[in-house]
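Notes follow once the structure below has been shown.
Order of the sequence lines sets the chain letters (A, B, ...), proteins ahead of strands, with each chain counted from 1. Only this structure's heavy atoms are used, side chains among them; waters, hydrogens and symmetry mates stay out.
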4 protein chains.
Amino acid sequence: MTKHPDPIQTMLVAARRTQILDAAITVFSEKGFHRATIKEIARVAGIADGTIYTYFASKDEVLLAVLDRLNETTERGQQFVLGDEQDLKAFFRAYLQQRMALLWPNAEVFRAVLPELLVNGELRRQYYEQVLAPTIAVGEQFFQAQNEQLQITIPLTVRAIAGTLLGVLLLQLLGDEVVASQWEALPEVLTALFFDKVV
Amino acid sequence: MTKHPDPIQTMLVAARRTQILDAAITVFSEKGFHRATIKEIARVAGIADGTIYTYFASKDEVLLAVLDRLNETTERGQQFVLGDEQDLKAFFRAYLQQRMALLWPNAEVFRAVLPELLVNGELRRQYYEQVLAPTIAVGEQFFQAQNEQLQITIPLTVRAIAGTLLGVLLLQLLGDEVVASQWEALPEVLTALFFDKVV
Amino acid sequence: MTKHPDPIQTMLVAARRTQILDAAITVFSEKGFHRATIKEIARVAGIADGTIYTYFASKDEVLLAVLDRLNETTERGQQFVLGDEQDLKAFFRAYLQQRMALLWPNAEVFRAVLPELLVNGELRRQYYEQVLAPTIAVGEQFFQAQNEQLQITIPLTVRAIAGTLLGVLLLQLLGDEVVASQWEALPEVLTALFFDKVV
Amino acid sequence: MTKHPDPIQTMLVAARRTQILDAAITVFSEKGFHRATIKEIARVAGIADGTIYTYFASKDEVLLAVLDRLNETTERGQQFVLGDEQDLKAFFRAYLQQRMALLWPNAEVFRAVLPELLVNGELRRQYYEQVLAPTIAVGEQFFQAQNEQLQITIPLTVRAIAGTLLGVLLLQLLGDEVVASQWEALPEVLTALFFDKVV
DNA sequence: AATGAATGAGAATTCATTCAT
DNA sequence: TATGAATGAATTCTCATTCAT
């Protein structure tokens, strides 16, 4: 009858949820949301089918929780602090490095949710508002501070850059091995691409 | 008993296939491949469920045919010919304009197949080899002709640019309205981003 | 508007029915009644699906017509006439020879209808009355004429002999190669089995 | 998490399988394999459709399990031991009695599988090898021991006798009421038929 | 009469979810 | 809480039958 939040209980619940979400991400990214079955997620998590329903109301809720994890990671990444980089180029490179380092370990989570994201309006709205919009806003503020003139193109420019990050991740997910093998060189290349002349 | 290809017959078959594929793209983009049912595709196409199986062996084959349509469109786009643009920048802008004009009407087709692409290895391989790899190869040749020095970064640079195209398309699919409303301005913005200094 | 039976017309119809039934027997015995499709029967017959329905009201009717053919063949066989065999044993051998020679070419027809016969009451009744009962009746009359004493066992004895014929056919259909390869020796062996002492 | 075979669990599983197989045999014999639906088997078994798939991978597997049951019964019958019958005729009568007593309760199982047996190569091979071939082999050994001279006809003679058993069963399945009502008299009649002179 | 595309009822199978133990 | 057997709605696919040409 105790309604007081028992700290040990809370931790156990969190641990179980993590265990289930890890399994879900694995299975979702291998098979996609629909081909993934509760049975297999349970198997990978080492628990019984029914147990998942003690922690999540439905399969959809599991997906939402995976998305939440992606959001949380991104939010943590949002707290980007400028080091003592001297110039804009150096700053940009550092920013890219951090963002892409964040993207890499989340690639499979991304693969797990993207399909549903593209197709499920509610999920898409949630992802856009919680992950993309803030990222883009940060970028817009940044450019606005730097550049007072070309304000009209700033929104598109920021989206182009954000798009590039999404795009190279997508290329990797689609099987491009150059991107996969040289992921760490990308910040440098992108910085050069954006800040130096192409030719 | 005639086995000779009857031209009228061939056209009727092509028309029916088109009718079914149009419906499939609509439903796939709205609901995703798995939530889309043959019943609904048939309803949208205005035919009976079973009729789809006269033209496609399975639901998977319908998806493959949708992907093929994407491929064909891309191939047509591959036959890009330089006008009399004076400099590289102008050429690049023209190239982007053409590519993005191609991407726009295919956005929904892309939304329809991308989810499965991420998750279905065979489909992914086919898409990568037939669509992405040629596009990237064209870009690499182009840069190689222009620039003999920075060869090591060329592959990544080309992928960054290709990724940017994919990325902005993805942003639009994820609900970004700035990209959607200013799609036509993107070639100019991207050209500026890549060829002029950012700031 | 002519209702007069046109003899040429009648022959054409009969020829088409034969063509279809031949195809049906082939496909039924290969795949069984249910796995056989009208499409395949039509293909084997070299006509279009729909055409079958000009000659038969339904797939069931095709099966009934196959059964009819079996019946007709049997009836023809019923008109067994005693040659000038001297003794009972010789007569019996001759009878078996004739019956089994009849059974052999009909084995596939038998394979085609037996499954449905076992399971479809109406079909079974029809087959029993038109084929089995007369055959058994002939046997009973024969034995009655020979043997006045053991009347009680005659019905069972006749059925045992009829059963033996059915049974060896079934063995062959079930893949027994000895029966298949020595089919023609069976009348002799059976006569010996029934008329001589086993050991 | 225990993978040790839990005896209670094992029994429950066996009971459910039996329950499903009993229902399957009933429905198969009534309607034949193809007209029988999983829905109806489930209804007869008093469970939900889906439950069948917890115990059998497919409808085909259900049929195979029915066949297995037939095999097991037959194998048990194979362990025929001679009592103290004095002569061959008495032995043969006892053998027939035992075989036919075995056949009778399995008649419906036989009706359930025979149609598919005739038409499904793999099933047929399995049945022939596991049921018929051993039975025939036993018979051949038996005759060989008795009779050294007429070896050439032994294989056919044994098949004729085996065929007689199959054949009278088939007659019964095809609706013959004399065989059905006097089943128990058959061993005596057959023994007389084979060991005494017909007339 | 012949054709074969179109139809849609019906079947096997899957799997999220429930619930008795 | 954990379990996993049971459930049955939903889905893909098949195919006998129809009918416009």
Measure [atom1]/[X] against [atom2]/[N] and give the value in whole Å, please.
{"X": "C/Ile41", "N": "E/dG4", "atom1": "CD1", "atom2": "C1'", "result": "16 Å"}
{"X": "A/Phe56", "N": "F/dA2", "atom1": "CZ", "atom2": "P", "result": "13 Å"}
{"X": "B/Ile8", "N": "E/dA5", "atom1": "CD1", "atom2": "C1'", "result": "16 Å"}
{"X": "C/Glu40", "N": "F/dA16", "atom1": "CD", "atom2": "P", "result": "11 Å"}
{"X": "B/His34", "N": "E/dT14", "atom1": "NE2", "atom2": "C1'", "result": "12 Å"}
{"X": "D/Ile38", "N": "F/dA10", "atom1": "CD1", "atom2": "C1'", "result": "17 Å"}
{"X": "C/Tyr53", "N": "E/dA6", "atom1": "OH", "atom2": "C1'", "result": "14 Å"}
{"X": "A/Asp60", "N": "E/dC15", "atom1": "CG", "atom2": "C1'", "result": "14 Å"}

Do the charged groups of [X] and [Y] touch, with an N to O distance under 4.0 Å?
{"X": "C/Glu122", "Y": "C/Arg125", "value": "yes"}
{"X": "C/Asp22", "Y": "C/Arg17", "value": "no"}
{"X": "D/Glu30", "Y": "D/Arg111", "value": "no"}

Legend entry - Ring-face cation of C/Lys59 near C/Phe33 (centre distance under 6.0 Å, axis angle within 45°): yes
Inset, instruction - Would you mind classifying the nucleic acid contact of D/Ile47 as base, sugar-phosphate or nothing, using non-hydrogen atoms under 4.0 angstrom? - result: sugar-phosphate
Inset, instruction - Look at all strands and tell whether C/Ala36 reaches a base, only sugar-phosphate, or nothing, counting heavy atoms closer than 4.0 Å. - result: sugar-phosphate
Any side-chain N or O of [X] less than 4.0 Å from the OP1 or OP2 oxygen of [N]?
{"X": "A/Gln9", "N": "F/dT1", "value": "yes"}
{"X": "D/Tyr55", "N": "F/dA6", "value": "yes"}
{"X": "B/Arg16", "N": "E/dA6", "value": "yes"}
{"X": "D/Thr51", "N": "F/dA5", "value": "no"}

Legend entry - Assigned partner base of E/dG8, Watson-Crick or wobble definition, under 3.5 Å: F/dC15
Inset, instruction - Would you mind pulling out the nucleotide paired to E/dT13, Watson-Crick or G-U wobble, both distances under 3.5 Å? - result: F/dA10
Legend entry - Proximal nucleotide (of E/dA2, F/dC13, F/dA16) relative to the C/Thr37 side chain: F/dA16
Legend entry - Among F/dA6, E/dA16, E/dA1, the nucleotide that comes nearest once only the side chain of D/Thr54 is considered: F/dA6
Inset, instruction - Name the residue closer to the 5' end of DNA chain E, choosing between C/Lys39 and D/Gly50 according to the nucleotide with the nearest heavy atom. - result: C/Lys39
Inset, instruction - On DNA chain E, check which nucleotide each of C/Ile52 and A/Ser58 is closest to and give me the residue with the more 5' one. - result: C/Ile52
Legend entry - Test item: D/His34 and C/Glu116 side chains (from C-beta on) under 4.5 Å apart, heavy atoms: no
Inset, instruction - Would you check if C/Val62 and C/Phe28 make a side-chain contact, meaning some heavy-atom pair closer than 4.5 Å? - result: yes
Inset, instruction - Identify, between C/Lys59 and D/Asp49, the residue whose nearest nucleotide on DNA chain F lies closer to the 5' end. - result: D/Asp49
Legend entry - Toward the 5' end of DNA chain F, by each residue's nearest nucleotide, D/Ala48 or C/Arg35: D/Ala48
